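We name chains A, B, ... by the order of the sequence lines, and we start the count at 1 in each one. It should be emphasised that the depicted structure is a prediction, and the values quoted were computed from it without experimental measurement.
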Amino acid sequence: MKLYQENNKVIIDKIKDFEPKHIFECGQCFRWDKEEDGSYTGVANGKILNVKLEGDTLILDNTNLDDYHKIWHNYFDMDRDYSAIKAELAKMDEHLYNATIFGQGMRILNQDTFEIVISFIISARNAIPMIKRSVAFLSKALGEEIGEYRGKKYYAFPTPKALSSCDEQVLIDSKVAFRKGYIRDASYIQHSLQMDMYKLRNLPTDMARKELMTIPGVGPKVSDCILLFGLSKYDVFPVDVWVQRVMHEFYIEKEMKDLKKIREFGIDMFKDKSGIAQQYLFYYAREKGIGRK
DNA sequence: ACACAGGGTCAGC
DNA sequence: GCTGACCCTGTG
């Protein structure tokens, strides 16, 4: 692996376990879009980045080595050995083997805690394209304009202050619908520091989870997603309709509908790799339509 | 056309 | 612990 800068690109030769499609389309993030040339452009930490894989060369455009080390290295979870994780999961059974092969190159991004809280509140009983639409609308309406890339303007995710004090009409127009009260209240909780969601990182998973569940619009499933995608906790197992289906298909009787028990089953099975296992299974199930009637 | 479900959560029994 | 309502939109 060789890392170097060329103009405004950071290039990594001989990259392993990095497949942009699987990273950006596995359902963990909502601010990355595919360009016509197959690359992906998105916003994180107030910066615009374009990502393209050519063979085993990763090209990060619109950035520099300084930002790579400060932001993107951690954002893309570069220090984690996904080959080792995949190998461990794949040897458990044929389903995990298939799911890890299918999702090869998927990585769990380290995303901003508050952005993940709001995004996954929006995700409840919603479809992924609509979640992306709402998040894009709110960012454009309330977020700071951070620059232009390939002729398009980009906006940072709104601050807690902006989201907690905006006109109700903005939330209505964003189509977050019945979730608008949750978003305003959750944003105020962070803005007022009634709870500092960023500090939950320092708590054990179960305590952080208990805290998250006090936020309006945050239940068992959304809190697990926040822990996994926004707080770097991997001993969680978010159970949504797809994980439910894939678990019924592969591991447990269909009569077992108690989501709490399915979650405990997953954590018991996958331990400290539950979150990552869940993401391989979720992506595999959703792309293949496993269990859909 | 129109019912149904989409990365669930909450309030009211 | 269960059950229905919740906004809006794409899908069949």
Side-chain angles (χ1 to χ4, degrees), chain A residues 21-32 99 102-103 106 108-109 111 113 115-138 141 168-187 189 197 209-231 233-234 236-250 255-264 266-267 270 274-293:
Chain A
K21 177 181 167 60
H22 297 163
I23 292 171
F24 298 126
E25 296 188 18
C26 74
Q28 63 177 322
C29 54
F30 304 103
R31 298 215 67 197
W32 291 86
F102 180 80
M106 190 272 291
I108 305 289
L109 298 171
Q111 302 181 73
T113 307
E115 176 173 340
I116 286 293
V117 169
I118 301 303
S119 299
F120 278 88
I121 286 175
I122 296 172
S123 80
R125 190 66 201 184
N126 208 345
I128 290 179
M130 303 214 8
I131 303 165
K132 290 182 70 172
R133 213 178 299 173
S134 291
V135 172
F137 183 94
L138 289 173
E168 186 175 24
Q169 194 59 42
V170 175
L171 292 174
I172 293 170
D173 293 342
S174 76
K175 309 292 175 69
V176 295
F178 63 87
R179 310 165 190 86
K180 69 178 157 66
Y182 300 153
I183 291 168
R184 187 171 20 79
D185 294 348
S187 300
I189 286 172
M197 300 165 191
R209 192 167 190 271
K210 206 171 284 181
E211 281 289 301
L212 286 169
M213 299 259 284
T214 67
I215 300 169
V218 177
K221 189 273 175 183
V222 170
S223 65
D224 280 343
C225 286
I226 297 167
L227 289 163
L228 178 58
F229 302 127
L231 290 166
K233 304 286 190 188
Y234 301 92
V236 296
F237 196 72
V239 179
D240 56 47
V241 286
W242 288 107
V243 173
Q244 211 179 138
R245 286 168 184 158
V246 76
M247 293 300 279
H248 282 154
E249 189 81 12
F250 295 153
E255 291 69 44
M256 247 282 289
K257 290 189 184 304
D258 187 341
L259 301 187
K260 189 178 173 200
K261 289 201 173 137
I262 297 177
R263 171 174 165 270
E264 283 164 359
I267 292 176
F270 301 118
S274 298
I276 298 175
Q278 182 272 169
Q279 201 57 24
Y280 283 119
L281 288 170
F282 167 80
Y283 184 51
Y284 186 59
R286 192 166 69 90
E287 294 292 309
K288 297 256 179 189
I290 286 174
R292 195 177 45 192
K293 65 165 184 345

query: Which is true for A:Pro129 with a 4.0 Å heavy-atom rule: it touches a base, it touches only sugar-phosphate, or it touches nothing?
result: nothing
task: Could you tell me the separation between the NZ atom of A:Lys260 and the P atom of B:dG8, rounded to a whole number of Å?
output: 20 Å
- prompt: So what does A:Val218 hit on the nucleic acid, given a heavy-atom distance under 4.0 Å: a base, only sugar-phosphate, or nothing?
  reply: sugar-phosphate
Separation of the P atoms in C:dC7 and B:dG12, to the nearest angstrom: 14 Å
query: Roughly, in whole Å, what's the span from NZ in A:Lys132 to C1' in B:dG6?
result: 16 Å
message: Base, sugar-phosphate or nothing for A:Lys221? Non-hydrogen atoms, less than 4.0 Å.
response: base
- prompt: Can you tell me how far C1' in B:dG6 sits from the matching atom in C:dC2, rounded to whole Å?
  reply: 22 Å
field: A:Phe178 CZ to B:dG8 P, straight-line distance once rounded to whole Å
entry: 10 Å
message: Work out how far the C1' atom of C:dG4 is from that of B:dC4, and round it to whole angstrom.
response: 16 Å
- prompt: For A:Val222 and A:Arg125, take the nucleotide of DNA chain B holding the closest heavy atom to each; which residue's nucleotide lies nearer the 5' end?
  reply: A:Arg125
message: Mind checking if A:Gln28 touches a base, just sugar-phosphate, or nothing, with heavy atoms under 4.0 Å?
response: base
- prompt: For the ring pair A:Phe270 and A:Tyr234, is the centre-to-centre distance below 6.0 Å?
  reply: no
- request: Would you check if the side chain of A:Arg292 reaches a backbone N or O of A:Gly289 as a donor-acceptor pair within less than 3.5 Å?
  value: no
message: Please classify the nucleic acid contact of A:Pro238 as base, sugar-phosphate, or nothing, using heavy-atom distances under 4.0 Å.
response: nothing
message: Any base atoms under 4.0 Å from A:Ala177, or only sugar-phosphate, or nothing? Heavy atoms, all strands.
response: base
query: Between A:Phe24 and A:Trp32, what is the ring plane arrangement, given parallel below 30°, perpendicular above 60°, and tilted in between?
result: parallel
task: Verify, without hydrogens or angle tests, whether A:Gln28 (side chain) and A:Ile23 (backbone) share a donor-acceptor contact under 3.5 angstrom.
output: yes
- prompt: Using a cut-off of 4.0 Å on non-hydrogen atoms, how would the nucleic acid contact of A:Leu171 be classed: base, sugar-phosphate, or nothing?
  reply: nothing
